[in-house]
Amino acid sequence: MNPEETLLHLNATADAKWRLMGALEGGSTGAALALVDDTGRRGVLKSHHARAQAELDEAAQAVAQALSRGWPAAAWLAWGVAGTVGYVVLDWSEGDPAESLSDGQSDALERAVEAQAGIGRGRDRLFDWSGHFERIVHPDSGLHAKCLGFSSATQELSRALVRACEGHLLPPLSRDDLVHGDFATDNVLVAGDSVSIIDTQSAGRGTRVIDLTTMGVHCLAWEQGRDTAVRFLDRAVHVGGFGEAVRCASGRALIAVCHAIDHYPHYADTLTSRLRGLADLLVSRR
């Protein structure tokens, strides 16, 4: 994303006029830039994979529908395509980054995921998160190959996840829900028991089980509480059944480990060891 080009496009199409305040730290989906408009409203500029305005429009409508149901997430203030690159301006969210989750915060996040139910149905322009996970967990996928080629620990995890998914690769995952896509504590701000979900720019369609298992896997991977992880994995089984839950959790584990292999190879085996019991934990939910 070219910030200058994007700001020119944004200010030529939006009602408000925005200016750049600086870069924000963190984020796993690309640079985040802090903006402020001429009324003093703050926003966060993020890139978007879309290359067509129609896809962005449909995603914005889906997010707006979820917000109308009480989804405690960052609203989309503006969006568009500058040149060939999509972008979104997200509303500024207040709160402290979640390092772990209390029972009350977990309750609020479970309610948030329920608000996503059915919103993806018929929205075929949205990114297909379920299709993405179906490809990832296939035994011949590139992510499995990467794990098999890295270390004995990642080989063991890959093979355990393949065994856990055996007999559960069909039927296709549901495409009916809105999916955040990176629903982890990294993207949750907390204030007491209230929660705010940020980085909604990757929202697409699929099964909301993806978000529930993502939270569970991340709580295991970053040691944010086994009980919290089990809670979200159990909820995933309740919502989508064991077949959906095991595929979605396995896919998220593969994404996490392969991200570490690509960007933090010295840490990949440590992360893998934290996820070593995931396959057994999933099978015990059957």
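This chain uses plain numbering: 1 for the first residue, then up along the sequence.
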[X]-[Y] co-clustered via ILVMFWY side chain contacts under 4.5 Å:
X: Leu281; Y: Phe242; value: yes
X: Leu220; Y: Val137; value: yes
X: Val188; Y: Ile198; value: no
X: Leu282; Y: Ile210; value: yes
X: Leu109; Y: Val113; value: yes

Check: Do Arg208 and Glu114 sit within salt-bridge range, that is, some charged N less than 4.0 Å from a carboxylate O?
Finding: yes
Next item on the list: Decide side-chain contact (heavy atoms from CB on, under 4.5 Å) for Leu254 and Cys147; before the verdict, give the C-alpha distance in whole Å, the side-chain angles of both, and the deciding distance to 0.1 Å.
Entry: CA-CA 8 Å; Leu254 288 167; Cys147 288; 3.9 Å; yes
Notebook entry, point to check: Is the shortest heavy-atom distance from the side chain of Val36 to the side chain of Arg19 under 4.5 Å?
Noted result: yes
Count the heavy atoms of every other residue, nucleotide or ligand shown that sit under 6.0 Å from [atom1] of [X], and state whether that count exceeds 12.
X: Arg226; atom1: CZ; answer: no
X: Asn2; atom1: CG; answer: yes
X: Tyr267; atom1: OH; answer: yes
X: Asp15; atom1: CG; answer: no
X: Glu94; atom1: CD; answer: yes

Notebook entry, point to check: Only one of Arg125, Arg123, His49 forms a side-chain hydrogen bond (donor to acceptor under 3.5 Å, both in side chains) with Glu55, so which one is it?
Noted result: His49
Margin query: Has Asn187 got a side-chain atom pairing as donor or acceptor with Asp182's backbone, closer than 3.5 angstrom?
Written below: yes
Notebook entry, point to check: Do the rings of His218 and Trp222 sit parallel, tilted or perpendicular, given the 30° and 60° boundaries?
Noted result: tilted
Next item on the list: Describe, in one word, how the ring planes of His263 and His259 are oriented to each other, choosing from parallel (under 30°), tilted (30 to 60°) and perpendicular (over 60°).
Entry: tilted
Next item on the list: Go through Asp91 and Arg41 one step at a time and tell me if the salt bridge (charged side-chain N to carboxylate O under 4.0 Å, His left out) criterion holds.
Entry: CA-CA 8 Å; Asp91 200 3; Arg41 186 170 194 176; 3.1 Å; yes
Margin query: My understanding is that a hydrophobic cluster links ILVMFWY residues whose side chain heavy atoms are under 4.5 Å apart, including indirect links. Using that, what else belongs to the cluster containing Leu7?
Written below: Met1, Leu10, Trp18, Leu20, Leu33, Leu35, Leu45, Leu77, Val85, Tyr87, Val89
